[in-house]
Every structure is written in C-alpha cells, then in structure tokens.
Amino acid sequence: MGFDKSRLRIGGRTFVERIAEALYSVAARVSVVSSRDDAASHGLRVVRDVHAGRGALGGIHAALASGRAPRAFVVSCDLPFVTPELFARLAEFTGQSSDAVAPVQEDGRQQPLCAIYSREACLPVAAELIREGDLRPRSLLQRVRTRFVAFDELSDLESSELFFANVNTPEDYEKAKLKMPAAKESRQ
C-alpha cells in the first residue's frame, strides 16, 4: 500500500476502529499489535512484537504472548468488513477438540488472519515456526488442531461476501470504498 493501512478510513472510521468495534461484541479487551511508534493513537492497548520483523505470524505470536484469555481473536487490519455476527459465528466453533478456528474464504483459501487461537496450544507452535523460519500463518493452522469453518457455514450472514475483502493496494482501497454502501445497507 505504501503507508499504514490501519489509518485508512471507510464509512467515516478507520479500519482499526471498525474492526475493534466488531471485536468488542465478543471480547472484553481489544489490542493492536504493532511496531509503529504512533500505534497508541488508535486508542487501544498496544502490543509490541516479541520477534520483530516476523510478519503476520510474529503478530499472532505477540497477540498470544500478551493475552490473558484462553483464546484470542486475531484479525488483520486490512479486513474492514468483518462484523460482530462473523465473530459470534466463529466463536460457536470453539471447543475442546480444536486449538484454532479459522474460516475458509469463498475462493477456498484458509483465512488465518481472521481466526481464533488457543493461547496454550498455539503460542508454543508459533514460537517454534518462528525459530524454524517458517513465517506462514497457514503453517500454524496446519500444525494445530484447527476447525476450518467452510464459507457455506458463514454465507447466511449479512455481508458475508465482503468479510474477507482484503485491502492491500490503492486499487483495493478504491474498490472497498465502493462496496461500503452495500455493506452499510445490508446491516440496516
């Protein structure tokens, strides 16, 4: 993108504000994992990477290492259309038989950056992957007991077609701004 995606605005709010609001429907505490000096300006607790420069897996590790709850929701700041309903549905799939709950996008790809992770089971595996140099979040999902939530288990939720609309480029951002009215109308 060329600049901090968390500061992008859609529907009058930053991506972080939108995601935090949705997370508060299922979480008592929401934090931002960031190595940026200005991260505190989001108004949320800031968690610094334990292993700097390790990408998304490093962020997952930092979130798990700093957490207090048995499970942590992890959501990338470039998914502005996630909803409280999505998070509630994913939470329904947590249980004794899984260490992680991850949705599968409509295109069949696993989405490790909008998932729920067990601290006890996933933190040591994330640390091991970092030591090995395997920084792919999907590797974490493969090494723990993961309940993959098929897209058809989410498709009845309003705006489900937008949940995983990832904003990585200026073009993606322009497309997301055009999708906003549709997302807004479907929630009213």
Side-chain angles (χ1 to χ4, degrees), residues 1 5-6 10 15-16 18-27 30 33 54-64 67 69-126 128-130 132 134-169 171-173 175-176 178-180 182-183 186-187:
M1 180 65 81
K5 292 185 281 188
S6 72
I10 196 164
F15 285 14
V16 167
R18 295 177 58 78
I19 295 165
E21 181 180 314
L23 281 170
Y24 275 123
S25 69
V26 294
V30 176
V33 176
R54 298 298 188 251
L57 184 62
I60 293 169
H61 178 273
L64 294 172
R71 295 185 181 268
F73 273 90
V74 173
V75 184
S76 175
C77 75
D78 55 10
L79 296 174
F81 297 115
V82 293
T83 66
E85 294 80 16
L86 170 62
F87 296 143
R89 180 68 56 86
L90 292 175
E92 290 175 12
F93 294 102
T94 60
Q96 299 290 341
S97 62
S98 65
D99 301 321
V101 174
V104 176
Q105 298 177 172
E106 193 170 15
D107 64 5
R109 288 185 303 141
Q110 300 164 358
Q111 181 47 268
L113 300 179
C114 182
I116 305 170
Y117 294 92
S118 160
R119 285 183 60 237
E120 183 180 339
C122 296
L123 180 59
V125 175
E128 180 180 331
L129 287 165
I130 290 169
E132 293 172 359
D134 183 351
L135 303 180
R136 296 170 298 158
R138 286 186 181 100
S139 294
L140 175 58
L141 295 178
Q142 298 304 320
R143 288 209 189 170
V144 299
R145 296 175 306 160
T146 301
R147 170 49 161 99
F148 290 104
V149 181
F151 187 76
D152 66 1
E153 295 177 280
L154 304 170
S155 62
D156 64 312
L157 299 175
E158 290 185 40
S159 301
S160 61
E161 72 281 1
L162 298 176
F163 290 158
F164 310 113
N166 193 283
V167 179
N168 283 318
T169 67
E171 294 79 22
D172 293 341
Y173 183 42
K175 288 178 189 174
L178 293 174
K179 293 175 184 177
M180 185 57 205
S186 69
R187 284 196 269 280

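This one's a predicted model, so the numbers in the text were calculated from it and none came from an experiment.
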Enter the distance from [X]:[atom1] to [Y]:[atom2] here, rounded to the nearest 0.5 Å.
| X | Y | atom1 | atom2 | answer |
| --- | --- | --- | --- | --- |
| Ser76 | Ile19 | OG | CD1 | 7.0 Å |
| Ile10 | Phe15 | CD1 | CZ | 5.0 Å |
| Leu141 | Asp99 | CG | CG | 10.5 Å |
| Glu132 | Glu128 | CD | CD | 4.5 Å |
| Glu85 | Leu157 | CD | CG | 7.0 Å |
| Ser139 | Ile130 | OG | CD1 | 11.5 Å |

If I compare all heavy atoms of [X] with all of [Y], which pair ends up nearest, and what's the gap?
| X | Y | result |
| --- | --- | --- |
| Arg138 | Pro112 | CG-CG, 3.8 Å |
| Cys77 | Val16 | CB-CG2, 4.2 Å |
| Val144 | Val125 | CG1-CG2, 3.9 Å |
| Leu140 | Cys122 | CD1-O, 3.8 Å |
| Lys5 | Asp78 | NZ-OD2, 2.8 Å |
| Cys114 | Leu79 | CB-CD1, 3.9 Å |

**Request:** Would you sort out whether Leu86 and Phe81 count as a side-chain contact (heavy atoms from CB on, under 4.5 Å), showing the intermediate values?
**Result:** CA-CA 10 Å; Leu86 170 62; Phe81 297 115; over 6 Å; no

**Message:** Whether the side chain of Arg18 engages the backbone of Pro80 through a donor-acceptor N/O pair (distance < 3.5 Å, no angle test) should be reported.
**Reply:** yes

**Prompt:** For Asp156, what residues pass the side-chain hydrogen bond (donor to acceptor under 3.5 Å, both in side chains) criterion, not counting sequence neighbours?
**Reply:** Arg89

**Complete:** With sequence neighbours left out, the residues meeting side-chain hydrogen bond (donor to acceptor under 3.5 Å, both in side chains) with Gln142 are Gln110

**Request:** Name all pairs fulfilling the side-chain hydrogen bond (donor to acceptor under 3.5 Å, both in side chains) condition that reach into residues 111-121, sequence neighbours left out, sorted by first residue then second.
**Result:** Gln105-Gln111

**Message:** If you count every heavy atom of other residues, nucleotides or ligands that lies below 6.0 Å from Arg136 atom CZ, does the total exceed 12?
**Reply:** no

**Message:** Is there a side-chain contact (heavy atoms from CB on, under 4.5 Å) between Leu123 and His61? Walk through the geometry before answering.
**Reply:** CA-CA 6 Å; Leu123 180 59; His61 178 273; 3.5 Å; yes

**Request:** Could you go through the side-chain contact (heavy atoms from CB on, under 4.5 Å) check for Leu23 and Val75 one step at a time?
**Result:** CA-CA 9 Å; Leu23 281 170; Val75 184; 4.1 Å; yes

**Request:** Show your reasoning for whether side-chain contact (heavy atoms from CB on, under 4.5 Å) applies to Ile60 and Val33.
**Result:** CA-CA 8 Å; Ile60 293 169; Val33 176; over 6 Å; no

**Prompt:** So, do Leu129 and Leu57 sit near enough that their side-chain heavy atoms are less than 4.5 Å apart?
**Reply:** yes

**Request:** Applying ring-ring contact (aromatic ring centres under 6.0 Å, His included), name anything that partners Phe164, two or more places apart in sequence or on another chain.
**Result:** none

**Request:** Using ring-ring contact (aromatic ring centres under 6.0 Å, His included) as the criterion, list what pairs up with Phe73, not counting sequence neighbours.
**Result:** Phe87

**Prompt:** Taking only residues two or more places apart in sequence or in another chain, which ones pass side-chain contact (heavy atoms from CB on, under 4.5 Å) with Val149?
**Reply:** Leu90, Phe93, Val101, Arg147, Glu153, Leu154

